[in-house]
Amino acid sequence: MSSRFDIIHKDAAGRIGRLATSHGVVETPTVMPVINPNLQTIKPSEMKDFGAEILITNSYIIFRKDELREKALKDGLHALLDYDGPIMTDSGSFQLSVYGEVEVTNEMIIDFQKKIGTDIGVPLDIPTPPDVPYEKAKEDMDITIQRLKEAKELVKGDMLLAGPVQGAIYKDLREECARELSEVGFDVYPFGAVVPLMESYRYADLVDVIASSKKGLDPTAPVHLFGAGHPMMFALAVALGCDLFDSAAYALYAKDRRYITSRGTYHVDDLKYLPCSCPVCMNHTAEELKKAHNCTELLARHNLYVTFEEVREVKQAIWEGNLLELVEQRCRSHPRMLEALKQMYTYSPWLEQCDPSSKSTLFYCGPESARRPEVLRFNKQLERLTIEGSVLIRAYPTKKDSDYDNVMIFKPPFGSYPQELAEIYPLNAEVVRTPDYESLETAYQNTIKLVELNPKATFTFLMNDRFDHPLVEKLAEFDNFTIVPPKNE
Ligand code: GUN
Ligand code: ZN
């Protein structure tokens, strides 16, 4: 179904993809700058200079204003915005979620989007707020699915059709919604109604919403995270399999005098320095920026530059295979992002299925890294490893190697593995020499599993002061496991 979307490179559940539209191919992951048809701080025709490959605007706003509607119907959406690249249009659903009602039907707004020549149209889905009762979320979701089926019947031709996944914070509803929409077949799957989660820093809940929605979809389908425009969370969302974002944030934050960075947001009046090398920041001091008559526009420009800088950073990380390292760094920007990181790794069994088996070197970034999908994969692979005879388990080279049938290396967070595998991904990881509690925990658990699976082998473990952990006692209980303190070596 999604032959319009080609995946060319993968890391974790993230990917670099190419989405074909009537006005050209879009390379993902990318951000669609939101264009307000009434008010343009930065002209659409300039957006390519920032790195934009596709824009998004609101067909409902155009529809409601006579002057805009007439021009769009007569000359087309691309002429109205003076932009010749791909444009996605939203349907008024967001207004529905804010004002409780809209003056169009699903059929009217789909028909209008077709007539004005939008590249990706959106039906009138219902963005159900996160915390409504389950029954209400289910009712809304069923109406959304009905409307999307209706839209699918109405759309034949060049316009791509988005099928927004709803279901509030109920994981089973999100997955069910995604599964039902997949059966109908849409060109892009936005995950809807996540703005309230992001506004209240509920990033861990956002992780649940993304992961459960993804589980119901074909993994090769393109995904849009509706209303997500802060670069701080791109890496996380991309690692969970999101391909498209939209940013009104660049303009809305600018209006509030806020200066975006990939680590968070500053109020411009708190800036003594400008920690950025974009043209705005290189041509102004912090003082000049604060006092500029066009401060809002300058901030919007800076915000867009850093937004696309982060897009390129994320793409480069996918390319190199260190997206999860980038996620772990970005998630240290805010405690609520750190929660989200931990939540993401509760989905490691799923991530492990998407994750390429070989990449560049894994870098251990902190206790959360012990839950990485690669570490979990190592645990699973232990089942395929059979060891017999005498086994030396050591952390560092020693002269005793030749006394044993097998030599294994102990390396947290993995555990113990045959030394022949030392240079193979992910065991060639760069790790700390003083392992933390979490990585020792995982390494010992995996070593216990190894010993249990190989009762005929006899293990000698060259212990080290840095490796102390309560689980060492558990290992000492095995008859075929001997622990040698370092001084006795
Ligand atoms: N913009 C932000 N969230 C949503 C959503 O859930 N649906 C639509 N159509 N637009 C949105
Ligand atoms: Zn800047």
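Just so it is clear, the model here is predicted, and its values are computed rather than measured. In each ligand, atom 1 is the first atom listed, and ligand 1 is the first ligand listed.
- The salt bridge (Lys or Arg N to Asp or Glu O under 4.0 Å) contacts involving residues 264-283 comprise R257-D269, where partners must be two or more places apart or lie in separate chains.
- Of all protein heavy atoms, the one closest to atom 2 (C) of ligand 1 is F94 CD1, 3.5 Å.
- In terms of protein heavy-atom proximity, atom 8 (C) of ligand 1 is nearest to F226 CE1, 3.4 Å.
- The salt bridge (Lys or Arg N to Asp or Glu O under 4.0 Å) contacts involving residues 220-245 comprise R15-D243, where partners must be two or more places apart or lie in separate chains.
- Protein heavy atom nearest atom 10 (N) of ligand 1, with residue, atom name and distance: D90 OD2, 2.6 Å.
- A 6.0 Å sphere centred on OH of Y201 holds no more than 12 heavy atoms belonging to other residues, nucleotides or ligands.
- The ligand atoms of ligand 1 that sit less than 4.0 angstrom from a heavy atom of A193 are 3 (N), 5 (C), 6 (O).
- Note on the Zn ion (ligand 2): protein N/O/S atoms under 2.8 Å are C276 SG, C278 SG, C281 SG, H302 ND1.
- For the atom pair CG of L55 and NE2 of H78, the computed distance is 8.5 Å after rounding to the nearest 0.5 Å.
- Nearest-heavy-atom check against atom 9 (N) of ligand 1 across D125, I126, L225 picks out D125.
- Within the model, atoms CZ of F234 and CZ of F245 stand 6.0 Å from one another, a figure rounded to the nearest 0.5 Å.
- With ligand atoms numbered from 1 in the order given, ligand 1 contributes 9 (N) to contacts under 4.0 Å with heavy atoms of V122.
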Q: Report the C-alpha distance between T89 and Y60 in whole Å, list the side-chain angles of each, state the deciding distance to 0.1 Å, and finish with yes or no for side-chain contact (heavy atoms from CB on, under 4.5 Å).
A: CA-CA 9 Å; T89 45; Y60 178 64; over 6 Å; no
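- The CG atom of N428 sits 8.0 Å away from atom OG of S358, with the distance rounded to the nearest 0.5 Å.
- In this pair, Y305 and F50 present their aromatic rings tilted. The plane angle is within the 30 to 60° band.
- When heavy-atom distances to ligand 1 are checked against a 4.0 Å cut-off, V194 has no atom that comes that close, whether in backbone or side chain.
- For residues 113-126, the set of pairs meeting the salt bridge (Lys or Arg N to Asp or Glu O under 4.0 Å) definition, not counting sequence neighbours, comprises D111-K115.
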